[in-house]
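Down below is the structure, laid out as structure tokens.
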Amino acid sequence: MAANGKTRRLIGEVSGIEETWNPKWQRNLPAQAPFEWLGKGWRDLITYPMLSLSYGVAVFVVSFLTIWLLFATGRDYFLFPAVAGFMIIAPLLAIGLYLKSARLEQSQPVSLGGMLRVRPMAGAQVFFTGLILCMLMLLWMRAAVLIYALFFGVRPFPGLDHVTQMLLTTPTGWAMLAVGIAIGALFAGFSFAISVFSIPMLLDQRIDAFTAMGVSVALVWNNLRAMLVWGAIVSALFLLSIATAFVGLIVIFPLLGHATWHAYKAVR
């Protein structure tokens with residue numbers, strides 16, 4: 001009997017998803033909390049709007065030039081994974097927007113130069129987090145090429161028009177889309193969990209990169225209901241940006257950047 005009890009205790013320490021819940025990281029956020037973050041983000045955007053919109057224009061121009069470069073160099077097969085990879089590194093690109101929101105909270109002056117020359121409290125630790133996010137993006141782009149090769153064989157890329165037709169009109173294409181979306185969702189979910197709070201945290205606190213990423217994952221997992229809603233909102237607005245040929249990024253990117261800062265403040 002004692003042996004059985006001991007076994008149950010040992011198993012309970014290392015198994016069962018309920019063991020990963022930790023009241024220390026739970027903030028009891030309602031599912032509608034992300035809409036409040038969006039409202040506060042919009043308030044920050046329209047306060048000195050040209051600063052935020054200029055930031056959004058810069059992100060749009062970089063995105064446009066990247067896509068143009070892919071086509072100009074014959075690497076248009078990277079287009080889909082590159083677009084998905086953008087979501088992986090977006091939290092790092094938005095660090096200047098976090099700074100604007102933080103300074104508005106503290107009634108401090110804000111300038112575009114200050115937003116572009118951010119000095120995080122964690123110093124170079126932001127660099128390590130950014131490096132990990134960039135590596136994740138490159139890994140995802142390589143995985144996407146391997147998925148294509150597994151389904152269509154090792155052959156030259158037929159061009160974006162032809163591959164779109166292959167994906168949407170053939171059973172093999174449908175299977176590849178299903179597998180690609182599933183694997184892409186794993187990359188996106190992991191990168192979202194490690195970065196959504198870690199980048200604002202590194203801006204705001206003296207903390208090392210791995211601790212910040214671990215805390216970010218814990219906060220996401222222990223506030224899953226609100227974070228799933230937030231992830232759905234981010235994805236929907238990003239798809240809207242794609243539908244507008246990325247022009248929507250001019251407004252949507254700063255809106256999400258400011259809102260992410262308020263999400264961080266809600267769980268800090």
Side-chain angles (χ1 to χ4, degrees), residues 38 41 45 52-73 75-98 115-116 118 126-148 157 160 163-164 167 177 180-200 202 213 216 220 227 230-261 263:
L38 273 181
L45 191 156
S52 298
L53 293 177
S54 297
Y55 206 100
V57 168
V59 172
F60 164 71
V61 170
V62 171
S63 301
F64 179 84
L65 291 177
T66 300
I67 293 172
W68 175 83
L69 187 62
L70 289 176
F71 280 93
T73 58
R75 291 182 171 84
D76 50 335
Y77 52 87
F78 276 128
L79 178 61
F80 292 140
V83 169
F86 174 80
M87 293 189 68
I88 295 177
I89 63 171
L92 179 66
L93 299 177
I95 191 169
L97 298 166
Y98 307 154
M115 293 169 64
L116 297 177
V118 180
V126 173
F127 168 78
F128 296 119
T129 305
L131 182 62
I132 291 172
L133 292 176
C134 288
M135 290 175 63
L136 274 174
M137 185 183 71
L138 293 175
L139 183 61
W140 160 237
M141 293 176 71
R142 180 53 54 187
V145 174
L146 292 175
I147 292 170
Y148 171 82
F157 189 71
L160 194 59
V163 80
T164 302
L167 290 174
L177 274 178
I181 290 173
I183 295 177
L186 292 176
F187 275 94
F190 178 69
S191 62
F192 175 79
I194 67 173
S195 65
V196 64
F197 296 128
S198 64
I199 304 297
L202 291 166
M213 287 187 286
S216 181
V220 168
M227 296 314 300
W230 180 234
I233 291 173
V234 171
S235 299
L237 290 177
F238 182 67
L239 290 175
L240 180 60
S241 298
I242 295 175
T244 61
F246 294 99
V247 175
L249 281 177
I250 296 173
V251 175
I252 289 174
F253 190 84
L255 172 62
L256 290 176
H258 291 311
T260 298
W261 174 259

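Here the structure is a predicted model, which means the values were calculated and not measured.
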Would you be so kind as to tabulate the donor-acceptor pairs closer than 3.5 Å made by side chains of residues 246-260, with sequence neighbours excluded?
from, atom 1, to, atom 2, distance (Å)
H258, ND1, L97, O, 3.2
H258, ND1, S101, OG, 2.8
H258, NE2, S52, OG, 2.7
T260, OG1, L256, O, 2.7

For residues [X] and [Y], report the shortest heavy-atom separation together with the two atoms involved.
X: F192; Y: M227; result: CZ-CE, 3.7 Å
X: S191; Y: L136; result: CB-CD1, 4.0 Å
X: L69; Y: T73; result: O-OG1, 2.7 Å
X: P81; Y: A144; result: CB-CB, 3.6 Å
X: F197; Y: V220; result: CE1-CG2, 4.0 Å

Calculate, to the nearest 0.5 Å, the distance between atoms [atom1] and [atom2] belonging to [X] and [Y] respectively.
X: L131; Y: M135; atom1: CG; atom2: CE; answer: 6.0 Å
X: L202; Y: F128; atom1: CG; atom2: CZ; answer: 11.0 Å
X: I132; Y: S195; atom1: CD1; atom2: OG; answer: 11.0 Å
X: L116; Y: I95; atom1: CG; atom2: CD1; answer: 11.5 Å

S198 side chain vs M213 backbone, donor-acceptor pair below 3.5 Å: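 Between the backbone of M213 and the side chain of S198 there is no qualifying donor-acceptor contact (under 3.5 Å).
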
Does the Y98 side chain pair with the main chain of P91, one donor and one acceptor, at a distance under 3.5 Å?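 A pair under 3.5 Å: yes.
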
List for me each residue that meets side chain to side chain contact (heavy atoms under 4.5 Å, CB included) alongside L65, sequence neighbours excluded, and say none if there are none.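 Testing L65 for side chain to side chain contact (heavy atoms under 4.5 Å, CB included), a comparison that skips the adjacent residues, returns V61.
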
Please name all residues satisfying side chain to side chain contact (heavy atoms under 4.5 Å, CB included) with A82, sequence neighbours left out, ordered by chain then number.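 Here the qualifying residues are L70, M141.
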
Are any non-hydrogen side-chain atoms of F86 and V62 less than 4.5 angstrom apart?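 Side-chain contact under 4.5 Å: no.
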
Among L133, T129, I199, I88, which residue satisfies the side chain to side chain contact (heavy atoms under 4.5 Å, CB included) criterion with I194?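 Exactly one pass, corresponding to L133.
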
List in chain and number order the residues that pass side-chain hydrogen bond (donor to acceptor under 3.5 Å, both in side chains) with W230, two or more places apart in sequence or in another chain; answer none if no residue qualifies.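 By the side-chain hydrogen bond (donor to acceptor under 3.5 Å, both in side chains) rule, W230 matches no residue at all.
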
Suppose we screen for ring pair (Phe, Tyr, Trp, His ring centres under 6.0 Å). Which residues come up paired with F187, at least two apart in sequence or across chains?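 With neighbours one apart ignored, the set is W140.
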
